[in-house]
Amino acid sequence: MNKKLDRNFYNRPTLLVAKELLGKYLVVQRDGCFLSGKIVETEAYVGFDDPASHAYRGKTFRNRVMFGHPGYAYVYLTYGMHHCLNLVTERGGYPAAVLIRALEPADGIELMKKRRGCQSLKDLTNGPAKLCQALGIDRNLNGADLSSNIIYVEDRGEAVTKIASSSRVGIKEGKEKNWRFFLPDSKFVSR
DNA sequence: TATTGGATCGCC
DNA sequence: GCGATCCAATAG
């Protein structure tokens, strides 16, 4: 019943992918551990003219994965200590990705609690850096293929009824774009 | 080569 | 509200 999202899913307009990722499950399995969570919050970063995007000033060593083919993970370090996970969308050569901002923990909750040093279910994965820490996502997964068995997103057949949008979080420019999408009824949305 | 500030978090 | 702590992008 669970269906892994393939490259065709990611090779579409980023805003559409960002919305359709809501309600799907992010899975990370390594070292005999199976971790997953339902995606409840995303943000889109699109093209050459989006001042909030890492790609705005052109291709660099850090952001090169964003310029590559769809269906790969772009993981970067921010504030010198936190990792953030993006899923690359749209055609090769066009920089676009969806930032995964929050999950509802599903599988492997005990390991997530241990890694986060936190017992509260609500605070385990309700932020982009928190979910990376909980699932053990770091720059070793930068460029990872989302059609692999290490990291991927799957559809578990759950219907999404309500989606809300707002300005993106933590950026200075590009605030006029409502490119943050979330499930308004979820307790696991950030902030 | 030096400086600055960031798609954050957790504690004060 | 603020410090932690690395790296990329700027300025010089």
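Values below: every heavy atom of this structure, side chains too, minus hydrogens, waters and symmetry copies.
In this structure, A:Ala129 reaches the sugar-phosphate backbone alone: every heavy-atom distance under 4.0 Å involves primed, P, OP1 or OP2 atoms, never a base. Contacts of A:Arg191 with the nucleic acid, taken as non-hydrogen atoms under 4.0 Å apart, are absent. Nucleic acid contact for A:Tyr76: base, since at least one base atom lies under 4.0 Å from a heavy atom of the residue. Using a 4.0 Å heavy-atom criterion, one finds that A:Arg62 contacts the sugar-phosphate atoms exclusively. A:Leu99 comes within contact range of at least one nucleobase, with a heavy-atom separation under 4.0 Å.
Partners of A:Arg168 according to the side chain to side chain donor-acceptor pair (under 3.5 Å) rule, which considers only residues two or more places apart in sequence or in another chain, are A:Asp50. Take A:Tyr94 and apply the ring pair (Phe, Tyr, Trp, His ring centres under 6.0 Å) test, not counting sequence neighbours, and it matches A:Phe48. Among residues two or more places apart in sequence or in another chain, the salt bridge (charged side-chain N to carboxylate O under 4.0 Å, His left out) test is passed with A:Arg12 by A:Glu20. Taking the side chain to side chain donor-acceptor pair (under 3.5 Å) definition, one finds that A:Thr14 meets it with A:Thr89, A:Glu90, sequence neighbours left out. A:Lys172 pairs by the salt bridge (charged side-chain N to carboxylate O under 4.0 Å, His left out) definition with nothing, not counting sequence neighbours. Remark: A:Glu158 engages A:Lys38 in a salt bridge (charged side-chain N to carboxylate O under 4.0 Å, His left out) (not counting sequence neighbours). Residues passing the salt bridge (charged side-chain N to carboxylate O under 4.0 Å, His left out) test with A:Glu173, sequence neighbours excluded: none.
If you walk DNA chain B from 5' to 3' and mark each nucleotide with an atom closer than 4.0 Å to a heavy atom of chain A, the marks span B:dG6 to B:dG10. Protein chain A contacts DNA chain C from C:dA4 to C:dT10, reading 5' to 3' and using non-hydrogen atoms of the protein with a distance under 4.0 Å.
Paired runs in DNA chain C that reach 3 or more consecutive Watson-Crick or G-U pairs, where each pair keeps both distances under 3.5 Å, cover B:1-6 with C:6-11, B:8-11 with C:1-4.
The stretch residues 179-187 of chain A does not touch DNA chain B, since none of its heavy atoms comes less than 4.0 Å from the strand. Across residues 35-51 of chain A, A:Tyr45 each have a non-hydrogen atom less than 4.0 Å from an atom of DNA chain B (numbered order).
Side chains of A:Arg116 and A:Gln133: a donor on one and an acceptor on the other come within 3.5 Å.
At a threshold of 4.5 Å between non-hydrogen side-chain atoms, the residues A:His54 and A:Thr78 do not count as touching. By the 4.5 Å heavy-atom criterion applied to side chains, A:Phe182 and A:Ser190 are not counted as neighbours. Residues A:Asp145 and A:Arg7 form a side-chain contact, since some pair of their non-hydrogen atoms from C-beta on lies under 4.5 Å apart.
There is no path of hydrophobic side-chain contacts, each under 4.5 Å, that joins A:Phe9 to A:Tyr152. A:Ile109 and A:Val27 are not part of a single hydrophobic cluster, where members link through side-chain heavy atoms under 4.5 Å apart.
Atom P of C:dC2 sits at a distance of 16 Å from the matching atom of B:dG5, rounded to the whole Å.
Partner A:Val17 forms a side chain to side chain contact (heavy atoms under 4.5 Å, CB included) with one of A:Asn11, A:Val98, A:Leu87 and no other, that one being A:Val98.
Taking OG of A:Ser148 as the start and NZ of A:Lys4 as the end, the distance is 6.0 Å to the nearest 0.5 Å. Going from atom CE of A:Met112 over to atom OG1 of A:Thr125 covers 6.5 Å, rounded to the nearest 0.5 Å.
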